[in-house]
Amino acid sequence: KISCVNFHHLAHVLRCAAGEEIFVTNDREKFKVKIMSVLGKHIEARIIDREKIRSDQEITLIQCLPKKDKMDFVVGHCVELGLRNIIPVISERSIPRVNEDRAQKLLCRFQKIAKEQAQRAGIEILPKVSEIQKFSDAVCNLKGFDLILIPWEEEKSKKMKDILNNCTNNKKIAIIIGPEGGLTGEEVNAAKKIGAVPVSLGKTIFRTEIAGLVALSIIKYQFDWM
């Protein structure tokens, strides 16, 4: 038997009842279970089947914090596409400037959105949303990635598709997305020093809240991770 602590979502949103079969995960395995009873604020269920979750593919988004509530859009939709990690950052041209208290409130909101969207979309591994940090700090901590991409409007020669076609080790990928005003040349150079590759997404200059989704979709399609 297992105890499922997310009672509200299962009992009130999905309206699960005794006798139904559902899937639950612990980020390592996916379990098919049969609900035996609903007791208090817990649901008791019996494991019917289990399988390991494929976790060797990991995409991280380093997103410069956009204006207003656009980050809610980014978090929600990127989670639906299977993004594993989201790192909100403040860059030189970022418009929002947040203090410590505001940053903590935003983090809680982003984490709540990520959890709710993962549940709704049936995402097996709950994505991680990191604390808001400076762009320079985030770049310095980008270690161990097989590929780091920067969709950049000033890059004209390197197309993202060509880079992906030539990528032989692609299990752990990071995408860096600038703010509304774009990344500065100094920021791009700092990222290039740790191995990041500026790429073009084509002729269209996408809005900051859309660029990450476009890049993520291209990667998942290219490597058949859909």
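Keep in mind that this is a model prediction, so the values were computed, not measured.
Across all non-hydrogen atoms, the minimal contact from Arg207 to Glu209 is NE-OE2, 2.8 Å. The two residues Ser200 and Gly202 have their closest heavy-atom pair at OG-N, 3.0 Å. Listed here is the closest heavy atom pair of Ile173 and Phe223: CD1-CE1, 3.6 Å. Across all non-hydrogen atoms, the minimal contact from Ala118 to Leu126 is CB-CD1, 4.0 Å. Closest approach of Ile163 to Leu147, counting heavy atoms only: CG2-CD1, 4.2 Å. Closest approach of Gln133 to Ser130, counting heavy atoms only: NE2-CB, 4.3 Å.
No side-chain donor-acceptor contact under 3.5 Å links Asn169 to the backbone of Asp146.
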Exercise. Can you check side chain to side chain contact (heavy atoms under 4.5 Å, CB included) on Ile59 and Leu83, steps first, answer last?
Worked result: CA-CA 6 Å; Ile59 305 177; Leu83 190 71; 3.7 Å; yes

Problem set entry | side chain to side chain contact (heavy atoms under 4.5 Å, CB included) between Arg109 and Asp72, intermediate numbers included | CA-CA 8 Å; Arg109 190 169 87 196; Asp72 295 357; 3.2 Å; yes

For this session: Applying side chain to side chain contact (heavy atoms under 4.5 Å, CB included), run through Leu183 and Ile176 and close with a yes or a no.
Result: CA-CA 10 Å; Leu183 295 169; Ile176 301 175; 4.2 Å; yes

For this session: Dump the intermediate steps for side chain to side chain contact (heavy atoms under 4.5 Å, CB included) on Lys115 and Val79, then the final yes or no.
Result: CA-CA 9 Å; Lys115 181 179 180 181; Val79 166; over 6 Å; no

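Counting heavy atoms from C-beta on, the side chains of Ile194 and Phe145 never come closer than 4.5 Å.
In this structure, Asn141 CG and Ser136 OG are separated by 9.5 Å, a value rounded to the nearest 0.5 Å. In this structure, CD on Glu155 lies 11.5 Å from CG on Leu149, to the nearest 0.5 angstrom. Rounded to the nearest 0.5 angstrom, Ile86 CD1 and Leu107 CG are separated by 11.0 Å. Distance check, rounded to the nearest 0.5 Å: NZ of Lys156 to CD of Glu154 gives 7.5 Å.
Cluster annotation: Met160 is connected to Leu216 through the hydrophobic network of ILVMFWY side chains, with a link wherever side-chain heavy atoms come within less than 4.5 Å. Under the 4.5 Å side-chain heavy-atom criterion for grouping Ile, Leu, Val, Met, Phe, Trp and Tyr, Val214 is not connected to Trp152 through any hydrophobic cluster. Hydrophobic clustering (side-chain heavy atoms under 4.5 Å, transitive across Ile, Leu, Val, Met, Phe, Trp, Tyr) groups Val139 together with Ile148. At a threshold of 4.5 Å between side-chain heavy atoms, the hydrophobic network of Ile, Leu, Val, Met, Phe, Trp and Tyr places Val188 and Val89 in one connected group. Taking hydrophobic clusters as Ile, Leu, Val, Met, Phe, Trp and Tyr residues chained together by side-chain heavy-atom distances below 4.5 Å, Ile175 shares a cluster with Ile218.
Remark: Phe73 pairs with His77 by the ring pair (Phe, Tyr, Trp, His ring centres under 6.0 Å) rule, at least two apart or across chains. The side chain to side chain donor-acceptor pair (under 3.5 Å) search around Glu180 returns none, not counting sequence neighbours.
Between the side chains of Ser94 and Glu92, no donor-acceptor pair is found at a separation under 3.5 Å.
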Which pairs would a plain distance check flag for residues 60-71, meaning a side-chain donor or acceptor within less than 3.5 Å of a matching protein atom at least two apart in sequence or in another chain?
unit_1, atom_1, unit_2, atom_2, d
Thr60, OG1, Asn85, ND2, 3.0
Gln63, NE2, Thr208, OG1, 2.8

